[in-house]
Amino acid sequence: MTLEEVKLINLPKMLDDRGNLSFLEENDHIPFEIKRCYWIYDVPGGEIRGGHSYKINQEFIIALSGSFDVVLDDGRQMKKYSLNRSYYGLYVPNGIWRHIENFSTNSLGFIVSSVSFDENDYVRDHEQFISTKLKNQ
Ligand code: TYD
């Protein structure tokens, strides 16, 4: 996988004087079946989350509240996406190294995943990530 496969996806937005509503459905707005959701919150200023890639897991990352930056690396190039709205998100396929930084106060990151939690699906060593990428080129 490369950064070419990464994409920002706009979600439906039901504008309403009572307050807006957005939603997502598997295999429709996002290109995978949903196995898990998790969220990141109460991040102290200056902290960085992530710093790994997944062998199989694909993710869709939304800044439900506040803002943060998702920094991606496919072994060849790096790209930073700033997320700051609840009606779009970032699709990140498997095989991309990523970390999340620059969390605003009270930000809430919501992540939809294609696999159940499995520590064996993580690549947490960046050198190992790079050497696997080089082998697969
Ligand atoms: P981790 O994915 O390493 O966090 P981040 O990438 O944001 O820094 O997860 C932190 C801890 O939480 C780790 O011990 C694994 C555990 N965890 C679960 O048990 N289930 C989950 O769905 C997730 C995402 C993490």
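We use all heavy atoms of the structure for the numbers below, so side chains are in, but hydrogens, waters and symmetry mates are not. Read the numbers this way: they start at 1 and go in the same order the structure lists the ligands and their atoms.
Within a 4.0 Å radius of atom 4 (O) of ligand 1, the protein contributes one or more non-hydrogen atoms. Under the 4.0 angstrom criterion, atom 11 (C) of ligand 1 counts as lacking any protein heavy-atom contact.
Side-chain N or O atoms of E26 include one that pairs as donor or acceptor with a backbone N or O of I34 at under 3.5 Å. Checked by atom type and distance alone, the side chain of K35 never pairs as donor or acceptor with a backbone atom of N57 at under 3.5 Å.
Which of H52, E47, R49 comes nearest to atom 6 (O) of ligand 1 through a heavy atom is settled by distance: it is H52.
In this structure, atom 1 (P) of ligand 1 lies nearest to the protein heavy atom Y122 OH, 3.7 Å. The protein non-hydrogen atom at the shortest distance from atom 8 (O) of ligand 1 is G50 N, 2.9 Å. The nearest heavy-atom contact from the protein to atom 22 (O) of ligand 1 is R36 NH1, 2.5 Å. At the shortest separation from atom 17 (N) of ligand 1 among protein heavy atoms lies F117 CE1, 3.6 Å.
Close N/O approach between Y38 and ligand 1 is not found [any backbone or side-chain N/O within under 3.5 Å].
Between D74 and R76, no side-chain nitrogen of the basic residue sits less than 4.0 Å from a carboxylate oxygen of the acidic one, so the salt-bridge criterion is not met. Looking at R49 and E101, no side-chain N of the basic residue comes within less than 4.0 Å of a carboxylate O on the acidic one, giving no salt bridge.
With ring centers used as reference points, H52 lies 6.0 Å or more from W97.
With values rounded to the nearest 0.5 angstrom, I62 atom CD1 is found 10.5 Å from L90 atom CG. Rounding to the nearest 0.5 angstrom, the gap separating the CG atom in N84 from the CZ atom in F68 is 9.5 Å.
Taking every heavy atom of R124 and a limit of under 4.0 angstrom, the matching atoms of ligand 1 come to 1 (P), 3 (O).
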